[in-house]
**Student:** 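Got a structure for you, written out below as structure tokens; questions coming shortly.
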Amino acid sequence: MASTSARKNEGLGRRDVIKRSAALGLITVPTMSFLSACASSDSSSDDTVKKGKTSAKNPLGVNDTAGLDVVIFNGGFGEQYAIDAEKKYTASFPKAKVKHTATQKIQSQLQPRFNGGTPPDLIDNSGAEQMDMGVLVGKKQLLDLTPLMDAPSFDDPGKKVRDTLRPGVLEMGQFDGDPVWIMYYAYTVYGVWYSQTALEGLDAQYPENWDDMLALCEKAKKKGIAGWTYAGKYPYYLPFSLYPFIAKIGGREVLDKIDNLEPNAWKDPAVKAAFEAYYELQQKGYILKGTTGLTHIQSQTEWTKGKALFLPNGSWVENEAAPTTPKDFKMMVAAPSGLDSSDKLPFGTIWASGGEPFIIPAKARNPEGGMEQLRIMLSEESSKNFTKQVKSLSAFNGGTDGLTLSTAMQSGVDALKKAGDNVVNPRMQDWYVKLQKEQIGAGLGEMMAGRLTPAEAIKKIQGYADAAAKDQSIKHYKHQ
């Protein structure tokens, strides 16, 4: 990252002319309720099923008569894709009964089962009540999925499962060293979502720099359309576009320092510039009124109604917002607009990574069954079914041949192609879930509500990060 004095010699850029209003005062805003996973490590269960005989058709040694207990987060992707894959499990093991549960209350419903030593065999650990995976890994409560990664793939016995995954998916499931603790099933493109129809109505193109972004927001404002909205009640959605924006300005190493909980990481000039840019959206009235009180669903609905141009989100939004999306909406995603010509990375820098984390508890009754279910889900047929149903890519590197992609999905594929090697993968949201969702999100939410200036938000968030770095009760992780 270039020094401040060096930047001054480059001439006045976008970041040099951003102006901030005076602080409106420190007001604490309510944050989402989130209970970090802290199940007792001495819980035990003695009824683990006996492993079955391994064979070409049963490489993981599944007990063909043992039941399988699956819990799916019933959110943006729904549950049907999992039910369909479970039918294939039943076809392979007709004597085994699959118990399927769908819920949005992952933490509430499963924490007692972890505490009691009777967790499910496979969990889609997602949503607002996601259990803290950093804590689960640190307390050794998850099964190492390396046997699954090294097993023959469902479609091609000559290829290991690990060799069928999209780039970065396996690494996301690793925290320290080689063990793989999480299987991220979806492949999510995070960024700035918009309606191409709405932009065409304004005779505009997606803005590639911040001056153009502000100009377009002003143009929309004159037409009675807000520039941005977001999940105000869950402001941890803001980093979906803010983190890659920071990386574009200062380089991916800025995000690595933040993930590593390094001292003063949040005080980096790139963070300051990004915060000031977003704060300018608020100060100039480009945020949809009432946004701070909206849930993710409500903000998406306001967006699909055409009340705002831009929405920071992930690629699950197409399926989640489908009930309110007009047929001529032409949903698209793009990388964050840049700040100015001194940005370290080119336009197109985007966040894309594995999403929808599946885990198998270390004390699962039927761990081989859980791994086999994931092996089935990572087949080409199940992957295609997932893509057709929920309009999202899966972790399987393929599965789109012969499919007609929606404008949203195609724009995601195009965005990844444009990004090339400039794809960033912040780990804060899976290493330190509480810090990311409750604390960083709260600081950003206060700033975007106008209750903190960027400098105050940075100080507050840095304080949260410093406290997490000093907290010896949690396991700490670093980029290798």
Side-chain angles (χ1 to χ4, degrees), residues 49 51-72 77-100 120-125 143-174 179-188 354-360 364 366-390 392-403:
V49 301
K51 187 174 179 178
K53 184 179 295 186
T54 59
S55 65
K57 290 186 177 181
N58 186 13
L60 290 166
V62 176
N63 183 320
D64 62 2
T65 63
L68 181 68
D69 188 352
V70 180
V71 176
I72 297 294
F77 294 142
E79 59 176 312
Q80 189 59 47
Y81 74 94
I83 293 173
D84 292 343
E86 289 160 12
K87 291 177 181 177
K88 293 186 175 299
Y89 184 95
T90 303
S92 296
F93 308 104
K95 296 179 182 179
K97 182 179 179 181
V98 176
K99 177 186 177 184
H100 173 96
D121 301 313
L122 180 63
I123 303 167
D124 174 12
N125 183 32
L143 185 76
D144 179 7
L145 302 180
T146 299
L148 167 65
M149 296 300 133
D150 290 334
S153 69
F154 197 83
D155 300 309
D156 182 358
K159 185 180 291 187
K160 293 181 179 180
V161 169
R162 67 170 66 236
D163 297 325
T164 69
L165 303 178
R166 293 185 186 275
V169 171
L170 183 142
E171 289 77 11
M172 273 202 71
Q174 296 172 323
V180 181
W181 306 107
I182 304 163
M183 177 63 242
Y184 286 87
Y185 186 61
Y187 196 70
T188 302
E356 213 64 12
F358 278 76
I359 55 175
I360 297 176
N366 185 6
E368 289 81 21
M371 286 192 287
E372 178 64 15
Q373 181 60 32
L374 285 175
R375 194 174 78 99
I376 292 170
M377 290 170 63
L378 289 168
S379 67
E380 182 172 6
E381 183 178 356
S382 290
S383 177
K384 279 188 174 181
N385 185 52
F386 176 78
T387 297
K388 284 191 294 186
Q389 283 193 22
V390 308
S392 176
L393 299 174
S394 79
F396 176 77
N397 196 3
T400 59
D401 293 343
L403 298 182

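Note that the numbering runs from 1 along the sequence shown for the chain.
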**Student:** Among all residues two or more places apart in sequence or in another chain, which pass the salt bridge (Lys or Arg N to Asp or Glu O under 4.0 Å) test with E79?
**Tutor:**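 Partners of E79 under the salt bridge (Lys or Arg N to Asp or Glu O under 4.0 Å) test: none.
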
**Student:** Quick check against the 3.5 Å criterion: does N125 have a side-chain atom that pairs as donor or acceptor with the backbone of P357?
**Tutor:**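 No; zero donor-acceptor contacts below 3.5 Å.
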
**Student:** With sequence neighbours left out, what residues match F396 under ring pair (Phe, Tyr, Trp, His ring centres under 6.0 Å)?
**Tutor:**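 For F396 there are no ring pair (Phe, Tyr, Trp, His ring centres under 6.0 Å) partners, ignoring immediate neighbours.
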
**Student:** Indicate the atoms forming the closest heavy-atom contact of S392 with F77, along with that distance.
**Tutor:**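 Scanning both residues completely, I find the closest heavy atoms to be CB-CE2, 3.7 Å.
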
**Student:** Backbone N or O of S394 within a donor-acceptor pair of the S383 side chain at under 3.5 Å?
**Tutor:**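 No, because the side chain of S383 does not come within donor-acceptor range (under 3.5 Å) of the backbone of S394.
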
**Student:** Determine the minimum heavy-atom distance between G61 and K51, stating which atoms define it.
**Tutor:**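 So the two residues come closest at O-CG, 3.1 Å.
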
**Student:** Go through the structure and list residues passing salt bridge (Lys or Arg N to Asp or Glu O under 4.0 Å) with R162, not counting sequence neighbours.
**Tutor:**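 Partners of R162 under the salt bridge (Lys or Arg N to Asp or Glu O under 4.0 Å) test: D150.
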
**Student:** T54 and P59: which non-hydrogen atoms are nearest, and at how many Å?
**Tutor:**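 Shortest heavy-atom contact: CG2-O, 3.8 Å.
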
**Student:** Which residues pass the side-chain contact (heavy atoms from CB on, under 4.5 Å) test with Q389, sequence neighbours left out?
**Tutor:**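 Only Q80, Y81, D84, N385 meet the side-chain contact (heavy atoms from CB on, under 4.5 Å) criterion with Q389.
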
**Student:** In Å and rounded to the nearest 0.5 Å, what is the CZ to CG distance from R166 to L393?
**Tutor:**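 Here the interatomic distance stands at 4.5 Å.
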
**Student:** Among D121, L145, I182, which residue meets the side chain to side chain contact (heavy atoms under 4.5 Å, CB included) test with I360?
**Tutor:**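 Passing option: L145.
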
**Student:** Would you please name every residue forming a salt bridge (Lys or Arg N to Asp or Glu O under 4.0 Å) with E372, sequence neighbours left out?
**Tutor:**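 With neighbours one apart ignored, the set is R375.
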
**Student:** Looking only at heavy atoms, what is the nearest atom pair of V169 and Y184, with distance?
**Tutor:**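 Result for this residue pair: CG1-O, 3.6 Å.
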
**Student:** Output all residues satisfying side-chain contact (heavy atoms from CB on, under 4.5 Å) with P179, sequence neighbours left out; order by chain, then residue number.
**Tutor:**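 Residues passing side-chain contact (heavy atoms from CB on, under 4.5 Å) with P179: D144, W181.
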
**Student:** Can you list everything that forms a side chain to side chain donor-acceptor pair (under 3.5 Å) with S379? Sequence neighbours excluded, please.
**Tutor:**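 For S379 the side chain to side chain donor-acceptor pair (under 3.5 Å) partners, ignoring immediate neighbours, are S382.
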
**Student:** Looking at every non-hydrogen atom in both residues, tell me the closest pair between A395 and M183 and how far apart they are.
**Tutor:**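 Taking A395 first and M183 second, the nearest heavy atoms are CB-CE, 3.7 Å.
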
**Student:** Under the rule for side chain to side chain donor-acceptor pair (under 3.5 Å), what residues qualify as partners of T164, not counting sequence neighbours?
**Tutor:**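 If we apply the side chain to side chain donor-acceptor pair (under 3.5 Å) test to T164, skipping adjacent residues, there are no hits.
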
**Student:** Taking atom CE of M371 and atom CG of N366, what is their separation to the nearest 0.5 Å?
**Tutor:**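 Here the rounded value is 9.5 Å.
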
**Student:** Within this structure, what is the CD-OG1 distance for the pair E380 and T400, rounded to the nearest 0.5 Å?
**Tutor:**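 Separation between the atoms: 9.0 Å.
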
**Student:** Identify, with sequence neighbours excluded, every residue that meets side chain to side chain donor-acceptor pair (under 3.5 Å) alongside K384.
**Tutor:**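 Result, side chain to side chain donor-acceptor pair (under 3.5 Å) vs K384: none returned.
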
**Student:** Can you find a pair of side-chain heavy atoms, one from F154 and one from L374, that are under 4.5 Å apart?
**Tutor:**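 Counting from C-beta outward, F154 and L374 never come under 4.5 Å.
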
**Student:** Would you mind listing every side-chain hydrogen bond (donor to acceptor under 3.5 Å, both in side chains) that reaches into residues 55-69, with sequence neighbours excluded?
**Tutor:**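 Passing the test, one end in residues 55-69: N63-T65, D69-R113.
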
**Student:** Taking only residues two or more places apart in sequence, or in another chain, which ones meet E171 in a salt bridge (Lys or Arg N to Asp or Glu O under 4.0 Å)?
**Tutor:**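 With sequence neighbours excluded, E171 shows a salt bridge (Lys or Arg N to Asp or Glu O under 4.0 Å) to no residue whatsoever.
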
**Student:** For G399 versus T387, what's the shortest heavy-atom pair and its separation?
**Tutor:**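 Closest approach of G399 to T387: O-OG1, 4.3 Å.
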
**Student:** For Q373, what residues pass the side-chain contact (heavy atoms from CB on, under 4.5 Å) criterion, not counting sequence neighbours?
**Tutor:**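 Result, side-chain contact (heavy atoms from CB on, under 4.5 Å) vs Q373: L68, A85, E86, Y89, L122, I376, M377.
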
